[in-house]
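A quick write-up on the structure given underneath.
Note that these values count all heavy atoms, side chains included, but never hydrogens, waters or copies made by symmetry.
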Protein chains: 2
Amino acid sequence: MSENEKLTEEKIFEAATVVFEEEGLSGARMQTIADRAGINKALLHYYFRTKDHLFEAVFTKLAKKMFSKFNPIFEKELSLEEKIRFFFREHISFMQHNPKLPGFIINEINHNPQRIKKLLSNIDFKKLWSTILEHHAHELYKYNITEENLPQIMTTIASLSVFPFAARGILEIVFNNYGVNFDKYIEDRKTFAADFVIKAITK
Amino acid sequence: MSENEKLTEEKIFEAATVVFEEEGLSGARMQTIADRAGINKALLHYYFRTKDHLFEAVFTKLAKKMFSKFNPIFEKELSLEEKIRFFFREHISFMQHNPKLPGFIINEINHNPQRIKKLLSNIDFKKLWSTILEHHAHELYKYNITEENLPQIMTTIASLSVFPFAARGILEIVFNNYGVNFDKYIEDRKTFAADFVIKAITK
DNA sequence: GTCTATAGAAGGATAGAC
DNA sequence: GTCTATCCTTCTATAGAC
């Protein structure tokens, strides 16, 4: 039955997502995924042929999910300051619900840059980022933003948001020792990062 | 001969460092390490017994190397602004020579937080970070730094420095598309990040 | 479509000669 | 200390019954 097939395929996909996120491609085991999905190994191969096919499917889905979260920056009708606040609030909220995602994506891309290329290489970042300069041309007199320092600024914003999750393992040890709760720290970060960036780029 | 033994053990250790950094624990193969060291698998086990022992040795060495680079912040006799500039210059220079290190450390700690705990858990971060407030007490009137926001500020500084290397795989694709050279970007980042932080924390 | 059983390859680890 | 040969387990993948 197609309905049932959909269900099984989804069960497998969801199990694979969890296991790959947790263990990475090389660390994940087909047996672990099968167990988690409540089926046997043979079925995995029936639906996805090989481990690499299964991983590819999961990775593509997750990478799109991750990167699509940057889109609102280029679309929303907000002032630059509102947009920055909006981004940190939304992006960090997203990662609160997907805390393993950043580390997973970053790690797998470093291990195999080729895999992401076909997903990103058709995006014209030069053009995309330039829309920021255009959309906010009327208020840029307030800020130190130029086409030249845009890569620094954009990666700075990304790093402030993503790094705490990617490096969570380390931060939790440091914080635990310092007496800080990670979840509280993350909640605070939504406004701290926004304030920090706005202060830094304002003339 | 002890001299010769030292040489072989070092050859293995160096080969293992490269392979583990590149492939991670689960992705690395003893055969690959042996090939790179120019010896056979059996010798690996003669010197390090198991793959896990070998990894532990490499990881500990690299983690210490990485974290020790943060020490000057707490030791140098510099003004806060000079110290921030010093940190980004030195830390980014260090990673220019060890570009795979941040991603490797972060990833392995996320996969096995326990491994790093015995390395970091005896450090009193509360006390360590407080020394900053003490050392620079006389100039803190200029800055928005308190014991409460110190975790946010410290992790912000770390992220600005570390993230570009950890996420290098992604940034290179974005930059390549944007027409930016990664090495140039990194060189610029030493001063950009310092300026950015100083601007943001200054009252 | 789902299962059991198993093939076949790879990888970590050891035995034993030199 | 270093090598070759090999054991044994683990893992991906497939064959074949239902």
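- For the atom pair A:Leu120 CG and A:Lys64 NZ, the distance stands at 11.0 Å (nearest 0.5 Å).
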Which atom pairs link the protein and nucleotides 16-18 of chain C when you take only N or O atoms and keep those under 3.5 Å?
none

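- Atoms CG (A:Asp35) and P (C:dT4) sit 12 Å apart, rounded to a whole Å.
- Taking only side-chain nitrogens and oxygens, B:Tyr47 comes nearer than 4.0 Å to OP1 or OP2 of D:dT2.
- Remark: B:Ser93 pairs with B:Lys190 by the side-chain hydrogen bond (donor to acceptor under 3.5 Å, both in side chains) rule, at least two apart or across chains.
- Phosphate contact (OP1/OP2 of C:dG12, side-chain N/O of B:Thr50, threshold under 4.0 Å): absent.
- Listed by first and then second residue, the salt bridge (charged side-chain N to carboxylate O under 4.0 Å, His left out) pairs that reach into residues 104-124 of chain B are B:Asp52-B:Arg115, B:Glu56-B:Arg115, B:Glu56-B:Lys118, sequence neighbours excluded.
- Using a 4.0 Å cut-off, some side-chain N or O of B:Asn40 falls inside it from OP1 or OP2 of D:dC3.
- Look at B:His45 and you won't find any side-chain N or O under 4.0 angstrom from OP1 or OP2 of C:dT14.
- Residues B:Asn98 and B:Lys65 bring a donor and an acceptor atom of their side chains to less than 3.5 Å of each other.
- Across the protein-nucleic acid pair, A:Ile12 atom CD1 and C:dT2 atom C1' stand 10 Å apart, rounded to whole Å.
- Atom NZ in B:Lys51 sits about 18 Å away from atom P in D:dT9, given to the nearest Å.
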Would you mind writing out the side-chain donor-acceptor pairs for residues 33-42 of chain B within the sub-3.5 Å range, not counting sequence neighbours?
{"unit_1": "B:Asp35", "atom_1": "OD1", "unit_2": "B:Gln31", "atom_2": "NE2", "d": "2.9"}
{"unit_1": "B:Asn40", "atom_1": "OD1", "unit_2": "B:Ala42", "atom_2": "N", "d": "3.1"}
{"unit_1": "B:Asn40", "atom_1": "OD1", "unit_2": "B:Leu43", "atom_2": "N", "d": "3.3"}

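- The CG atom of B:Leu43 sits 8 Å away from the C1' atom of D:dC3 (whole-angstrom rounding).
- A:Tyr46 places its OH atom 15 Å from the C1' atom of D:dA15, with the value rounded to the nearest Å.
- Atom CD1 of A:Ile33 and atom C1' of D:dA13 are 14 Å apart (whole Å).
- Counting to the nearest Å, the C1' atom of C:dG11 and the NZ atom of B:Lys41 are 6 Å from each other.
- Every pair passing salt bridge (charged side-chain N to carboxylate O under 4.0 Å, His left out) that includes a residue from residues 18-32 of chain B is listed here, sequence neighbours excluded: B:Glu22-B:Lys100.
- A search for side-chain hydrogen bond (donor to acceptor under 3.5 Å, both in side chains) contacts involving B:Asn181 returns nothing, not counting sequence neighbours.
- Near-neighbour residues of DNA chain C inside residues 13-32 of chain A, defined by a heavy atom below 4.0 Å, are absent.
- Here B:Lys83 pairs with B:His136 under the side-chain hydrogen bond (donor to acceptor under 3.5 Å, both in side chains) rule; sequence neighbours left out.
- The salt bridge (charged side-chain N to carboxylate O under 4.0 Å, His left out) contacts involving residues 174-186 of chain B comprise B:Lys184-B:Asp188, where partners must be two or more places apart or lie in separate chains.
- As rounded to whole Å, 14 Å separates atom C1' of C:dG12 from atom NE2 of B:His53.
- A:Ile39 comes within 4.0 angstrom of the backbone, heavy atoms only, and of no base.
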